[in-house]
Enquirer: 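Supplied in structure tokens, the structure appears directly below.
This one's a predicted model, so the numbers in the text were calculated from it and none came from an experiment. Along the sequence shown, residues are numbered consecutively beginning with 1. Atom set for the values below is all heavy atoms of this structure, side chains included, hydrogens, waters and symmetry mates excluded.
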Amino acid sequence: MSPIGDSDHPADVFDSARRTAIQHDDGGTCFNCTDRKDCKQYAWALDQLRRSPAGLLVLTQLDIPISVDAVIEEGQQR
């Protein structure tokens, strides 16, 4: 899946971001990159993961720094 994505279902977007972050763990690469620092897929994945509590947990487990101003998007109030 790409940042544009084949599916915009939240679970699919999260899973794609999580898998990309895992592929980049310890200097690895994904199908879309040649340089970890310039990989647009990886940048997209980090942005997506910083938007949810579950994503922040993934980043913490992978020892990826979480910016202080990371925004967590809340669901609709019922």
Enquirer: So how far is it from Y42 OH to Q23 CD, rounded to the nearest 0.5 Å?
Expert: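 It comes to 11.5 Å.
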Enquirer: Starting at OG of S52, measure out to CZ of R18 and round the result to the nearest 0.5 Å.
Expert: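 Atom-to-atom, S52:OG and R18:CZ are 12.0 Å apart.
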Enquirer: Distance from I64 atom CD1 to L56 atom CG, nearest 0.5 Å?
Expert: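 One finds 11.0 Å between CD1 of I64 and CG of L56.
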Enquirer: Atom OG in S16, atom CD in Q41: separation rounded to 0.5 Å?
Expert: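 Output value for this atom pair is 5.0 Å.
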Enquirer: What is the distance from atom CG of N32 to atom NE2 of H24, rounded to the nearest 0.5 Å?
Expert: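 Rounded to the nearest 0.5 Å, the CG-NE2 separation comes to 8.0 Å.
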Enquirer: Minimum heavy-atom separation for A17 and A45, please, with both atom names.
Expert: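 Shortest heavy-atom separation between A17 and A45 comes out as O-CB, 3.5 Å.
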Enquirer: Rounded to the nearest 0.5 Å, what's the gap from CD on Q61 to CG on D25? Could you check?
Expert: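 With rounding to 0.5 Å, CD (Q61) is 10.5 Å from CG (D25).
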Enquirer: With a 4.5 Å heavy-atom cut-off, do V13 and W44 have their side chains touching?
Expert: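 Of all side-chain heavy-atom pairs linking W44 with V13, at least one is under 4.5 Å.
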Enquirer: In terms of hydrophobic clustering (I, L, V, M, F, W, Y; side-chain heavy atoms under 4.5 Å; direct or indirect links), are L46 and L57 co-clustered?
Expert: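 In one cluster with L46: L57, no.
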Enquirer: Do I66 and L49 land in one hydrophobic cluster if side-chain heavy atoms of ILVMFWY residues count as linked below 4.5 Å?
Expert: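 Same hydrophobic cluster.
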